[in-house]
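Scroll down for the structure; my scribbles are underneath it.
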Number of protein chains: 2
Amino acid sequence: MKRTAQDIEYSQDTLTISKFAKALGHPARIIILKHLSNQSCCFTGDLLEVLPLAQSTVSQHLKELKEAGLIEGEVNPPKVKYCIHSENWQLAKGLFADLFKEDFSKISCC
Amino acid sequence: MKRTAQDIEYSQDTLTISKFAKALGHPARIIILKHLSNQSCCFTGDLLEVLPLAQSTVSQHLKELKEAGLIEGEVNPPKVKYCIHSENWQLAKGLFADLFKEDFSKISCC
DNA sequence: ATTGTTCATCGCAAATGTACGATGATTATT
DNA sequence: AATAATCATCGTACATTTGCGATGAACAAT
């Protein structure tokens, strides 16, 4: 991937929402987030019972969600509790709501 | 990527939102969608003036958005008009709103 | 007929993503 | 001290994504 001088042209909001979206771009990570958000609060790798994936793979997905800022992990040996990162969750909610604010429910095109 | 028998385990909603999210997972595509959604309606490769990318690359991003169902293209030679795919736009809006419906704005964790 | 415009697609290169098993680190329990 | 449980990380394999230039297809205007 050649990169030129120009790739700095995106606004912060654009970068932020695309980062969140990218993290949401895999069904396993959607499942994880839905679990965390239902489970009024924290959670851990009981996810393994829900996801048809190896433990290491789930761990990797959790890492990506953490790096995207959507969740946070709290070590609680020998377990780890994962929670929704409330601040960024609100941020994401707002950014997506803003993206989809236009309503094209009536005949829209052209 | 080894695939085993189990990868069929995701619900339709989960697959759908992750497909949309994946398509939103790149800043260039966010820009494109914002343009289409502001521009009350259709559009074409004036996107080239907005995006720091080669024409072929932009075309590829448009293709991905089309395949994800978020936009549709209408040939109008020698140009192509792109529009938000209203039905799927509404669907996406609903799915994201549902995902983020829980409110973690007050102290949430554990 | 030739030329120009607009756009998609192909082929390539490099980067990232997805998945797994194996191994290791940490702590609790025996 | 030894074992078990929980989770992260490493290494590997393969797929997908991202980007570009080059080429081609479709049509309009000359």
Side-chain angles (χ1 to χ4, degrees), chain A residues 1-10 14-15 18-32 35-36 42-68 70-83, chain B residues 1-10 14-15 18-32 35-36 42-68 70-83:
Chain A
M1 243 189 313
K2 285 172 217 153
R3 298 277 179 165
T4 55
Q6 313 149 6
D7 19 334
I8 329 154
E9 301 298 336
Y10 300 114
T14 298
L15 290 173
S18 64
K19 186 188 65 176
F20 287 146
K22 196 171 184 180
L24 296 174
H26 191 287
R29 295 195 289 269
I30 294 292
I31 303 240
I32 292 172
H35 250 280
L36 290 180
C42 307
F43 214 68
T44 173
D46 321 60
L47 293 163
L48 285 177
E49 292 164 17
V50 182
L51 289 167
L53 294 171
Q55 179 262 325
S56 58
T57 306
V58 172
S59 193
Q60 229 172 314
H61 283 304
L62 288 166
K63 187 182 179 187
E64 280 180 63
L65 287 170
K66 211 181 341 178
E67 281 174 358
L70 287 169
I71 66 175
E72 45 189 345
E74 182 184 317
V75 187
N76 205 340
K79 299 204 177 189
V80 177
K81 280 202 282 186
Y82 282 104
C83 322
Chain B
M1 243 189 314
K2 285 172 217 155
R3 297 277 182 165
T4 53
Q6 315 148 5
D7 18 334
I8 329 156
E9 302 298 336
Y10 300 115
T14 297
L15 290 173
S18 64
K19 185 188 65 178
F20 287 147
K22 194 170 184 182
L24 295 174
H26 191 288
R29 295 196 287 268
I30 294 291
I31 304 238
I32 292 173
H35 249 277
L36 290 180
C42 307
F43 214 68
T44 174
D46 322 59
L47 294 163
L48 284 177
E49 292 163 17
V50 183
L51 290 168
L53 294 171
Q55 180 262 324
S56 58
T57 306
V58 173
S59 193
Q60 230 171 317
H61 283 304
L62 288 166
K63 187 182 179 186
E64 282 180 60
L65 288 170
K66 212 181 339 177
E67 282 173 358
L70 287 168
I71 66 174
E72 46 190 341
E74 181 184 317
V75 187
N76 204 340
K79 299 206 178 186
V80 176
K81 281 202 281 186
Y82 282 104
C83 320

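Reminder, nothing fancy here: chain letters follow the sequence lines and each chain counts from 1. Note that the structure is predicted; figures quoted are calculated from it, not measured.
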Between [X] and [Y], is any pair of side-chain heavy atoms under 4.5 Å apart?
X	Y	answer
L24(A)	L70(A)	yes
L51(B)	I32(B)	yes
H61(A)	L53(A)	yes

[X] [atom1] - [N] [atom2] separation (whole Å):
X	N	atom1	atom2	answer
K22(A)	dT16(D)	NZ	P	16 Å
E49(A)	dT6(D)	CD	P	10 Å
L47(A)	dT6(D)	CG	C1'	13 Å
E64(B)	dG17(C)	CD	P	14 Å
H61(B)	dT17(D)	NE2	C1'	9 Å
R29(A)	dT16(C)	CZ	P	15 Å
E9(B)	dA19(C)	CD	C1'	16 Å
K19(B)	dT17(D)	NZ	P	13 Å

Note to self: The criterion is side-chain contact (heavy atoms from CB on, under 4.5 Å); which residues satisfy it with K63(A), sequence neighbours excluded?
What the structure shows: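 Only E67(A) meet the side-chain contact (heavy atoms from CB on, under 4.5 Å) criterion with K63(A).
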
Can you name the atoms? Protein N/O to nucleotides 8-10 of chain C N/O, anything below 3.5 Å, with the distance.
residue	atom	partner	partner atom	Å
dA8(C)	OP1	Y82(B)	OH	2.2
dA8(C)	OP2	S59(B)	OG	2.5
dA8(C)	O5'	S59(B)	OG	3.4
dA8(C)	N7	Q55(B)	NE2	3.0
dA8(C)	N6	Q55(B)	OE1	3.1

Checklist line | Parallel, tilted or perpendicular, as decided by the 30° and 60° cut-offs, for the rings of Y10(A) and H26(B) | finding: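 Perpendicular.
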
Next item on the list: List the atom of L48(B), the atom of V58(B), and the distance in Å for their closest heavy-atom pair.
Entry: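 Nearest pair, atom of L48(B) first, then V58(B): CD2-CG2, 3.6 Å.
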
Note to self: When you measure from the side-chain N and O atoms of H26(B) to the phosphate of dG19(D), is any distance below 4.0 Å, counting only OP1 and OP2?
What the structure shows: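 So the side chain of H26(B) is within the cut-off, an N or O lying under 4.0 Å from OP1 or OP2 of dG19(D).
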
